[in-house]
Number of protein chains: 2
Amino acid sequence: MTADAKTKTTRQRGSWKQDPEAVKADILRVAREEFAAHGLSGARAQEIASRTKTSKRMIFYYFKDKENLYREVLEQAYRDVRTGEKALELENLDPVAALRKLVAYTFDHHRANEDFIRLVMIENIHRGSHVAESDTIRAGNSPVVEQLKEIVERGQQQGIFRDDIDPLQLHWKISAFCFFNVSNEATFSVIFGNEMTTQTGQDSLKADVVDTIVKSVLTTST
Amino acid sequence: MTADAKTKTTRQRGSWKQDPEAVKADILRVAREEFAAHGLSGARAQEIASRTKTSKRMIFYYFKDKENLYREVLEQAYRDVRTGEKALELENLDPVAALRKLVAYTFDHHRANEDFIRLVMIENIHRGSHVAESDTIRAGNSPVVEQLKEIVERGQQQGIFRDDIDPLQLHWKISAFCFFNVSNEATFSVIFGNEMTTQTGQDSLKADVVDTIVKSVLTTST
DNA sequence: GGCACAATGAACCATACGGTTAATTAGGTG
DNA sequence: CACCTAATTAACCGTATGGTTCATTGTGCC
């Protein structure tokens, strides 16, 4: 009443605590989900803001513009995934067991990080222009290839792996299987049915993928 | 002349021929390129119109709205690709040779149809909602799986292929390799270098992919 | 030729959307 | 506590964009 009446043009504003880091983290988390769900052009700044504890203004205050926010989301996503890739302890396993474990792990890991997969899909739609601009992404060359190289060398020393294996190409093949499994699930199941999407389908597929990769590196028993 | 004199407030409009089918085809062609390049939300109606011989008006006249245009683009793309998939004449080849030919062909075919790959990527970003709505896409179950099934059965009869092969799962593995090769080229080469993008890299990869698939179906010589 | 209807062009519209301006508050420092 | 700056709120803005209105022209048909 009286208090209300006194609100000339400017009204009473609520009080608030400052917590910049939490606000930034909040924005990044929601932005990641929104970009993963709708892509760069499909995501809406207003929608990101709404799902945040803060306002649209703060998004541009901290992240300059939409594209820059997207880039930071990408960088964080790559950072997170790479962090989670470590410590498989493959050194104590024989080469075949190590490879099996690595492939199975990658299969599950991709499944469990669908948002990351989707961000990479989106980035490929944009022809990788944003990852190309990010030094931090280009620099942190995923350690998986190094692990593979080590496994391959041990297998070759033991004479059970072929001599013409390119670790990068091997990594490519593993990635192709594990990535495609998540990235193309939607269209594949619409066209060919849900057979491979079910739990048993995925189990069968994982076993097949692991076997296929292992067979591709073993020396052909003459 | 008399016709010229009649131009009150409305000015002389250029004359034109009617050719609805050509106009529609023109729009579809450009729209396909634009959607493949920028995605559903990223593509601009005005930009599609500009690259067309017709106007933005006609896009909505013939295709109702953007989403419907996108759906028709998708349908046409699937139709085209399936048409191009036929006639490999694998019946006369022994199972291994037939499989090798099919895989190598798929590898090249995906490479040569990048726009289609990109449309499928985009559709997966949208969780396949548009292909799901299209009867014509769901219906025309790609004949490749049938071809594979036939090859597999022949191989099994000859005792050179394993007995536990699921043709659909085999198709999945071939697709994974050939699709990923195109879909993830951008990010993969940014992060791991261009080694696999060069002509020699692609040749080596294709050979590896073919071998890997073939080895996965052969009976393990005990 | 003239009628009905499909096809087309030009201009227009409502609004969604990325981004900004301006005022206000919190919190640290001397 | 006074003062400065970073953080935050509320309101606003210009324009890009999907879509439409309306008048006009082509075309087959009787």
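Throughout, a chain's letter reflects where its sequence line sits, starting with A, and its residues are numbered from 1.
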In this structure, how many angstroms lie between the [atom2] atom of [N] and the [atom1] atom of [X], rounded?
X: B:Arg57; N: D:dT25; atom1: CZ; atom2: P; value: 16 Å
X: B:Met58; N: C:dA6; atom1: CE; atom2: P; value: 13 Å
X: A:Asp26; N: D:dA7; atom1: CG; atom2: P; value: 16 Å
X: A:Ile27; N: D:dA7; atom1: CD1; atom2: C1'; value: 12 Å
X: A:Phe35; N: C:dG18; atom1: CZ; atom2: P; value: 9 Å
X: A:Ile59; N: D:dT9; atom1: CD1; atom2: P; value: 12 Å
X: A:Ile48; N: C:dG18; atom1: CD1; atom2: P; value: 8 Å
X: A:Lys24; N: D:dA6; atom1: NZ; atom2: P; value: 12 Å

- Message: Tell me every residue that passes ring-ring contact (aromatic ring centres under 6.0 Å, His included) with B:Tyr78, counting only those two or more places apart in sequence or in another chain.
- Response: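 B:Phe116.
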- Task: Anything under 30° is parallel, anything over 60° is perpendicular, the rest tilted; go ahead and classify A:Phe180 against B:Trp172.
- Result: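 It falls in the perpendicular class, over 60°.
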- Would you please classify the geometry between the B:His126 ring and the B:His130 ring as parallel, tilted or perpendicular, with 30° and 60° separating the classes?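 Judged by the thresholds at 30° and 60°, the geometry between B:His130 and B:His126 is perpendicular.
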- Would you kindly say whether B:Thr197 and B:Ser189 are connected by a side-chain donor-acceptor distance under 3.5 Å?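 Result is no, nothing qualifies.
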- For the residue pair A:Tyr70 and A:Glu123, confirm or rule out a side-chain donor-acceptor distance under 3.5 Å.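 Indeed, the side chains of A:Tyr70 and A:Glu123 share at least one donor-acceptor pair under 3.5 Å.
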- Query: Just checking B:Tyr61: base, sugar-phosphate only, or nothing, at a heavy-atom cut-off of under 4.0 Å?
  - Reply: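 Since a base atom lies under 4.0 Å of B:Tyr61, the category is base.
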- Message: Over all strands shown, is A:Tyr62 touching base, sugar-phosphate only, or nothing at heavy-atom distances under 4.0 angstrom?
- Response: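 The answer is sugar-phosphate, as A:Tyr62 gets under 4.0 Å only of primed atoms, P, OP1 or OP2.
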- Message: Before we go on, tell me: are the rings of B:Phe177 and A:Phe177 under 6.0 Å apart, centre to centre?
- Response: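 Yes, the ring centres sit under 6.0 Å apart.
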- Pairing of B:Arg32 and B:Asp80 as salt bridge, 4.0 angstrom limit: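 Judged by the 4.0 Å cut-off on N to carboxylate O distance, B:Arg32 and B:Asp80 do form a salt bridge.
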- Task: Verify the contact: side-chain N or O of B:Thr54 to OP1 or OP2 of C:dG9, cut-off strictly under 4.0 Å; return yes or no.
- Result: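 For C:dG9, OP1/OP2 do have a side-chain N/O of B:Thr54 under 4.0 Å.
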Pairs: protein N or O with nucleotides 16-18 of chain D N or O, under 3.5 Å:
unit_1: D:dT17; atom_1: OP1; unit_2: B:Arg44; atom_2: NE; d: 2.5
unit_1: D:dG18; atom_1: OP1; unit_2: B:Ala43; atom_2: O; d: 3.2
unit_1: D:dG18; atom_1: OP1; unit_2: B:Arg44; atom_2: NH1; d: 3.4
unit_1: D:dG18; atom_1: OP1; unit_2: B:Lys66; atom_2: NZ; d: 3.0
unit_1: D:dG18; atom_1: OP2; unit_2: B:Ala45; atom_2: N; d: 3.0
unit_1: D:dG18; atom_1: N7; unit_2: B:Lys56; atom_2: NZ; d: 3.2

